A.B. asks: 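Following this message is one structure expressed as structure tokens.
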Amino acid sequence: MAQVSSVPKGQTSPTSKSITLRISRFNPEHDESSGFMEFPISYEKWTTVLEAILDVKKHFDHSVAVRYSCRQATCGSCGMIINGKPRLACFTKISELNSNVVTVEPMNNFPIIRDLAVKFEKLFDTHQKIKPYLIRDDTEIQSNEKEFLQSPEEVEQYIQFANCIKCGLCNSACPTMATDSSFVGPQALAQAYRYVADSRDKGKDSRLKIIDDSHGIWRCHFAGSCSQVCPKGVDPAMGIQLLRGYLLGFRS
Amino acid sequence: MVDSLEFDLIICGSGLAGLRAAIAAAKKGPNLKIGIVSKVQVMRSHSVSAEGGTAAVLFEDEGDTIESHVYDTVKGSDFLADQDVAERLCVEMPQEIRQLDHWGMPWSRRDDGRIDQRNFGGYSFPRATYASDKVGFFEMQTLYDTCQKFENIEYLNEWFVTSIIHDGKRFMGVTAIELGSGTFYTIKGKALIIATGGAGRLYSFSTYALSSTPDGLDMGLRAGMALKDMEFVQFHPTGILPSGILITEGARGEGGYLLNNKGERFMKTYAAGKMELAPRDIVSRSIMTEIQEGRGFKHETGVDCMKLDLRHLGDEKIKEKLGGIREISIKFSGQDPAKDLLDIRPVCHYMMGGLHTDIDGATEIQGVWAAGEAACNSVHGSNRLGANSTSECIVWGKITGELAIDYIQKNDSTNPWPHHLVAAEEKRIYDGIFRGNGDVNPYEIRQQLTDTMNEKAYVYKNETNLVEGLKKIRELKQQTWKHVDDKAKEYNTNFANVMELDSMFRVAEIVLLGAINRKESRGAHARTDYPKRDDANFLHHTLAYYDPNGPIMKTHPVTITKYQPVERKY
Amino acid sequence: MPRDEHREGIKGMANPTRYGIERVAYWLMRLSGLGLLAYFVAHIYETSNILRGQVGWDEFLELTQTTEGHLFLAIVIAMCVFHTVNGIRVMLGHGGVGVGKPARPDYPYEPASQNYRHKIGIYSAILLAAIAMMYGLAVMFGE
Amino acid sequence: MRESTIMKIHYGTALAAVALVAVHILMRLTQGFAESLEYENVLANYKFIPYAAMLELILILLSIHGFNGLRVILLELKQGRVYEKAVSYGCLAAMIGLIAYGSRTIIMTNMGMI
Ligand SMILES: Cc1cc2nc3c(=O)[nH]c(=O)nc-3n(C[C@H](O)[C@H](O)[C@H](O)COP(=O)(O)OP(=O)(O)OC[C@H]3O[C@@H](n4cnc5c(N)ncnc54)[C@H](O)[C@@H]3O)c2cc1C
Ligand code: HEM
Ligand code: SF4
Ligand code: F3S
Ligand code: FES
């Protein structure tokens, strides 16, 4: 068992089954094109795809390139395409895929570094572009100043969107992202809404200006795939439509 | 020629401590260039996993006092904390909570709109400030997002720092590998803040992110700094099976019970006053005692465990306050806390020890500070209270960030760049590791090492086990695991993993040696062969310095200001 | 598409078989929009034949009043109805209507924006389009 | 123009078109589909000024809506300064062209210039 499922000893049980894990291998610096390598993997009902990949890395092929860290779906490292859909490898159990073959590929719409690891610079840049911080004059605290008051209901208005772990799955699923390299994307748009909806924030107008661009919010067509693949229940599609409500004058 | 970059301030590590330092520094030195160098992408740092709370005194108007926070911390530490340091933590913290609020932190709120707090182990007032049960995550997000405001912060994502370069006295730079391209760099700088976090992956059953390995500690060690108090490893009572992912102490703070196989809340035997909310060292020992006396359960993997009962909290409260662990237990263990008892077991969770610093976070090398879990300013002594660690990261992040800027503005180094040190480092990692030979699988060695730590230096320790553990680890070290089979340059995590393993050996040895030397039981360090605390002989910190022939162990006095050690009872 | 960006490309946009009915609606909306535009241009050209007088008009009518022409028209009707009904749904959604309210998400996560109201909207757009197409066929082939 | 203005026009034209196209098609249906297409009837319709005006309106609105829709799709397909400029102006030109061409039919027929 991979180092992640680190139960002290006594691990393999008679309940373990096996599947074939197909890993997409591609190093753009050296390879002409990508290919798959297959590995037999035995798994328990709780074994995650990430554990399976790390098992391969540990025992079959040390060179598999994959990004991972928290193994508990909070750091956003391990997004990849698993059996055709963008998912977190550490948050997908082999047993729930109901398939004898598990295929893992790098996320779409992100440049490949190597194998399963992709570049995130673009996502980080667009995230920064939408000013993801409270905008007001008194964000720097003076001594003895109190907190800004905020009711639980006001927190409820944005907390959902604050759950984003920047895994990029939404950007990988979005049909506009598939062809539009300048599109801000659901991740950043949802974060724009997160701050606009925060009762402490006063930066709505400047943020709306940024996303009201020819590759801004209007390039979302409410396809909803972003929300379907989001592992944290962020629902970017909702945030984007609510945000657009402001621009269309439905909300203020 | 080696590729080279230059910053004024280098921050190694992008967890809570690193990011808080970056903001403090960027604000104080708007014209200085700050580089955050991290082996993971900024937001992937281990800190995002922190769940339960951040300790601070917010409601003095409702009866809480700073003094009480200080005393709880000192008592929790089993009187090994430096008391001036603990006081600094408690005094600085309230402001920091409000600062985070001003930056956008989604703290959970009370109905009157003020920031809410919950109960946590070892405190005499509910003072764990929380945001559902994803405190670390939201704090990281708030700090990361706030960093985006500053144009003088640069992010070197996925750069593995391998060594610290100094001229014997003063800091000069670091060497690092950009993982994406595989290029070896020197990064010159005037000051460095080490914020590389804990090293809990020394144990195989651990709540830590897989990236929490001791390479940061080892880097400091090799540069001549001391590691302090490394024998104090905290085992959190409730790691869920089979993954070892943390079930936050907040679960007990909200009212959860620990049950043995007789269905009793067994904590009444061990800490009747605080029950499940006794400090972690006590709860973990209680669980292990129950298990050893036959009142435990067997998990289907064959591991002994205990049960955590949250059912009486009700589905709604669990969803509202413990959404994260609800997700974790349903997904990873198939247990819904509203309906099922959770299988839990003490799990490696925190390292009280770290790079030896003073109260300001300054290390023994000029221009180098350490903050967060990587540092040991002795605020936690021999046992950290829950929620005090994120606090520590934030407070000393800020302090070191500002001090480093002061230092940079005052000092101008003109010493010649020590090329030979860079060359030596390049030789160490490329000739020694990357082009190394051998047929032993380093991943299996790593597994054996971490299993050994788990077996020999777990909640209860004794001489025989510790000595055997040390022997085993030295034996493993001799095997031919130092080679990297992946020959590609780009994103070579195999290389990084072997470098991590290399550092694990040195630090594991210090943990075990420290534990062998400390012939007493104090806080998280529980020796069955020396079950009592021994203030006469061991009321001191342990220091370990690097030497090629094995660590040199020393001691260091504890600062006691107001509170004389007394017996610790809850 | 530069290969090193690893974008999914047109097939990502044009493949409606993943991600549920919402993605089908997205795809049909695009297709029908383009189809209607094509028809619209053709239709303007078609009607301009009236300037060629009775003969020209009738000549052109003959060209279009064929079985294929009628089938094509039926598809146009379907596209038009779908595009209109779904267009109204999409516009409502874009304005923030019926996309759900922000709320603390509970595992297992079910995105509120992917709700039954919009699903009903999509299915009724498809259904109405089908009915309209039938009706159109009945009218055109009915005589 | 701001993208939001363009898209507001896009939605506005769509809404208006819903009503107008409905009338346009209903006219076909009330008259009986085949008869409605007979030369005399068509010509008569064109000569009826309110109807001709409505046709003109439909022509303008749908051209704007349709070509903007096309612009959107093309913008998303490929990026680049030159390309995007070309798409924008190309669509605008096509839109104007189509309106001009359609208007010619309507005006000439209406004024009996056949
Ligand atoms: C599961 C869990 C839950 C916890 N919950 C709580 C809680 O509720 N309350 C509380 O107070 N505390 C909690 N803690 C403790 C607390 O989370 C940690 O102590 C704290 O997050 C450590 O933060 P840090 O900034 O020091 O380091 P980390 O967040 O660990 O970050 C370390 C950084 O160093 C970088 N790094 C390491 N080595 C290198 C290298 N060689 N080169 C370059 N970069 C490197 C990493 O990339 C990373 O960015 C919890 C701990 C765990 C394990
Ligand atoms: C009559 C009622 C109509 C309505 C209510 C309507 C509504 C809409 C809406 C709301 C959109 C935007 C979709 C999005 O952003 O996702 C759209 C797009 C589009 N429309 Fe229409 N439309 C109508 C008629 C037409 C007609 C007659 C044409 C052809 C000339 C047309 C061509 C297009 C095109 C090409 C698009 C772009 C496709 C896309 O972006 O998905 N529409 N329509
Ligand atoms: S919105 Fe969801 S899918 Fe997108 S980056 Fe955030 S967490 Fe990932
Ligand atoms: S998938 Fe893309 S189109 Fe919009 S609703 Fe989500 S951003
Ligand atoms: S490893 Fe952190 S999200 Fe999967």
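Quick caveat: nothing in here was measured; it's all calculated off a predicted structure. Protein chains get the first letters and strands the later ones, always in sequence-line order, with residue 1 at the start of each.
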A.B. asks: To check you understand the geometry: which heavy-atom pair defines the closest contact between Gly93(C) and Gln241(A), and what is its length?
C.D. replies: O-CB, 3.1 Å
A.B. asks: Measure across Ser172(A) and Glu8(C) and return the closest heavy-atom pair with its distance rounded to 0.1 Å.
C.D. replies: O-OE1, 4.2 Å
A.B. asks: Which region of Lys11(C), side chain (C-beta onward) or backbone (N, CA, C, O), has a non-hydrogen atom less than 4.5 Å from a non-hydrogen atom of chain A, or is it both or neither?
C.D. replies: neither
A.B. asks: Heavy-atom distances under 4.5 Å only: say whether Val229(A) touches chain C with side chain, backbone, both or neither.
C.D. replies: side chain
A.B. asks: Only one of Glu22(C), Glu110(C), Arg23(C) forms a side-chain contact (heavy atoms from CB on, under 4.5 Å) with Gln228(A), so which one is it?
C.D. replies: Glu22(C)
A.B. asks: Checking heavy atoms, do the side chain of Lys119(A), its backbone, both or neither come under 4.5 Å from chain C?
C.D. replies: neither
A.B. asks: With a 4.5 angstrom heavy-atom cut-off, is it the side chain or the backbone of Tyr19(C) that approaches chain A, or both, or neither?
C.D. replies: both
A.B. asks: Within this structure, what is the CE-NE2 distance for the pair Met107(A) and His6(C), rounded to the nearest 0.5 Å?
C.D. replies: 9.0 Å
A.B. asks: Between Ile159(A) and chain C, with a heavy-atom cut-off of 4.5 Å, which part of the residue counts as in contact: side chain, backbone, both or neither?
C.D. replies: side chain
A.B. asks: Should we say atom CZ of Phe36(A) is surrounded by more than 12 heavy atoms from elsewhere, each under 6.0 Å from it?
C.D. replies: yes
A.B. asks: Crowded around Lys119(C) NZ? As in, over 12 foreign heavy atoms under 6.0 Å?
C.D. replies: yes
A.B. asks: Among Arg104(C), Met13(C), Gln114(C), which residue forms the greatest number of heavy-atom pairs with chain A at distances under 4.5 Å?
C.D. replies: Gln114(C)
A.B. asks: Is the number of heavy atoms from other residues, nucleotides or ligands under 6.0 Å of Lys204(A) NZ greater than 12?
C.D. replies: yes
A.B. asks: Are there residues of residues 35-46 of chain C whose heavy atoms fall under 4.5 Å of chain A's heavy atoms? If so, which?
C.D. replies: none
A.B. asks: Output the option from Ser113(C), Gly20(C), Ala25(C) having the highest count of non-hydrogen pairs under 4.5 Å with chain A.
C.D. replies: Ser113(C)
A.B. asks: So what's closer than 4.5 Å to chain C heavy atoms on Pro106(A): side chain, backbone, both or neither?
C.D. replies: both
A.B. asks: Between Pro236(A), Cys174(A), Gly239(A), Ala173(A), which residue shows the highest count of heavy-atom pairs closer than 4.5 Å to chain C?
C.D. replies: Ala173(A)
A.B. asks: Please classify the contact between Ala197(A) and chain C as side chain, backbone, both or neither, with a heavy-atom cut-off of under 4.5 Å.
C.D. replies: neither
A.B. asks: Select, from Lys85(A), Arg251(A), Lys232(A), Gln157(A), the one with the greatest count of heavy-atom pairs under 4.5 Å involving chain C.
C.D. replies: Lys232(A)
A.B. asks: For the candidates Gly96(C), Gly12(C), Ala112(C), Pro111(C), which exhibits the highest count of non-hydrogen atom pairs separated by less than 4.5 Å from chain A?
C.D. replies: Pro111(C)
A.B. asks: Count the heavy-atom pairs under 4.5 Å between each of Ile112(A), Leu248(A), Leu242(A) and chain C, then report the option with the highest count.
C.D. replies: Ile112(A)
A.B. asks: Give the ring-plane orientation class for Phe222(A) versus His94(C), where under 30° counts as parallel, over 60° as perpendicular and anything between as tilted.
C.D. replies: tilted
A.B. asks: Would you mind reporting whether Pro105(C) and Asn163(A) have side-chain heavy atoms less than 4.5 Å apart?
C.D. replies: yes
A.B. asks: Is Phe161(A) close to chain C through its backbone or its side chain, or both, or neither, when contacts mean heavy atoms under 4.5 Å?
C.D. replies: side chain
A.B. asks: Without placing hydrogens or testing angles, list every side-chain donor-acceptor pair under 3.5 Å for residues 60-67 of chain C, not counting sequence neighbours.
C.D. replies:
residue, atom, partner, partner atom, Å
Thr64(C), OG1, Phe60(C), O, 3.4
Thr64(C), OG1, Leu61(C), O, 3.0
Thr66(C), OG1, Gly69(C), N, 3.0

A.B. asks: Would you compute the distance between atom OG1 of Thr179(A) and atom CD of Glu5(C) and round it to the nearest 0.5 angstrom?
C.D. replies: 11.0 Å
A.B. asks: Let me know if Phe110(A) has heavy atoms under 4.5 Å from chain C in its side chain, its backbone, both or neither.
C.D. replies: backbone
